[in-house]
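This report concerns only the one structure given below.
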Amino acid sequence: MLAYTTHGRGPGTPLLIAHGLYGSGRNWGVIAKRLSDTRTVFAVDMRNHGFSFWDDDNSYAALAGDLAQVIDSIGGPIDVVGHSMGGKAAMMLAHTRPDTLRRLVIGDIAPVGYTHTQMQFITAMQAVDLSVVTRRSDANAQLAALGVENALTSFLTQSLDVSEKRWRLNLDALADNMAAIIDFPALTSTYPGPTLFLSGGTSDYVKRSDRSTIQTLFPNARFAKIPGAGHWLHADNPRAFEANVRAYLDAETV
């Protein structure tokens, strides 16, 4: 079972948030709390992240199975928001366990393979000398010296357990699974449920050329963009992200 944090006890349909690579449910705390005024919100730690279990298998089939297990324990169907890796896991969930879902929001990712890699961040985190780290700022400085952008150092070190001098990320397993993480399995099924693909206006993760693939797999898909936001759209413009998600989940028809 994935570890998760619960916010609120509103009467609306419960919402589960699945974070992206190197993230955690903690990253979504502010948005989860704001959305919990009308519903219960569960912010999970995906496997190999945060306080969840570690496993050699980080495939999307496995991640979707984890999300299904959480929803089964909560009682579905519920709404799901997934960002990046979490968005791909949510899309796989929609195709393997559609009974768990009411409405789906996919944050800045498409059901396609990508050519970029995120290995440089694993290499940098593995290179941090944790023996001399007494506060997160020490690790931030080391990551910056290793070439990690300042905007990302604080994000990465949210997954650092300073007192135990260890990462709350299974870096070896994530490295071994990187090819599968940036790819996406070939699917022949369709998910007819309502799905919003919400993208950052300055991000190139969801291209117009991806829409035919999206609409084949998700025939009831809708599209929206947050102007000025990049791939981490929920961090770049959290109020706009929250407003878009709230409006979509609360709409009587989609």
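As the structure is a computational prediction, the values presented were derived from the model and not from experiment.
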Which residues pass the ring-ring contact (aromatic ring centres under 6.0 Å, His included) test with F42, sequence neighbours left out?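 Applying ring-ring contact (aromatic ring centres under 6.0 Å, His included) to F42 gives Y4.
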Could you give the distance from [atom1] ([X]) to [atom2] ([Y]), rounded to the nearest 0.5 Å?
X	Y	atom1	atom2	value
L217	M92	CG	CE	10.0 Å
N244	L198	CG	CG	5.0 Å
K33	E242	NZ	CD	13.5 Å
R102	T100	CZ	OG1	13.0 Å
I226	R239	CD1	CZ	13.0 Å
L174	M119	CG	CE	9.5 Å

Can you say whether the rings of Y191 and H95 are parallel (under 30°), tilted (30 to 60°) or perpendicular (over 60°)?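 Taking H95 first and then Y191, their aromatic rings sit tilted (interplane angle of 30° to 60°).
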Let me check something: do V112 and L104 share a hydrophobic cluster, defined by ILVMFWY side-chain heavy atoms less than 4.5 Å apart, either directly or through other members?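 Yes; L104 is reachable from V112 via cluster members.
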Take atom CG in D176; do more than 12 heavy atoms of anything else shown fall under 6.0 Å from it?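 Yes, enclosed.
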Could you tell me whether F155 atom CZ has more than 12 heavy atoms of other residues or ligands within 6.0 Å of it?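 Counting other residues, nucleotides and ligands, CZ of F155 exceeds 12 neighbours.
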[X] side chain to [Y] main-chain N or O, any donor-acceptor pair under 3.5 Å?
X	Y	result
R222	Y248	no
Y114	F184	no
R246	R34	yes
S59	A62	yes
N237	A229	no
K165	V132	no
S52	A3	yes
S163	D161	no
S199	D108	no

Option passing side chain to side chain donor-acceptor pair (under 3.5 Å) with N48 (candidates D172, N177, N170):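 Only one option passes, and that is N170.
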Min side-chain heavy-atom separation [X]-[Y] under 4.5 Å:
X	Y	result
H231	H83	yes
F53	D66	yes
M91	I109	yes
S24	D45	yes
L101	P77	no
H49	R47	no
Y60	P111	no
D210	F197	no

Under the ring pair (Phe, Tyr, Trp, His ring centres under 6.0 Å) criterion, do H116 and Y205 qualify, and how do the steps go? CA-CA 10 Å; H116 64 268; Y205 272 69; 5.3 Å; yes
Considering non-hydrogen atoms only, spot the tightest contact between G113 and D183 and give its length.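 Heavy atoms only, the tightest pair is CA-OD1, 3.5 Å.
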How far apart are the closest heavy atoms of G200 and L233, and which atoms are they?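 Smallest interatomic distance, heavy atoms only, reads N-CD1, 3.8 Å.
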Is R211 close enough and on-axis enough to F223, meaning under 6.0 Å and within 45°, for cation-pi?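 Verdict for F223: a cation-pi partner in R211.
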Distance alone, cut at 3.5 Å: any donor-acceptor contact between the side chains of T13 and D79?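 Short answer, no.
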Aromatic ring proximity, centroids under 6.0 angstrom, W28 and H234: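 Yes, the ring centres sit under 6.0 Å apart.
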Quickly, which of Q118, M46, K88 forms a side chain to side chain contact (heavy atoms under 4.5 Å, CB included) with L21? Name it, please.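 The side chain to side chain contact (heavy atoms under 4.5 Å, CB included) with L21 is passed solely by Q118 among Q118, M46, K88.
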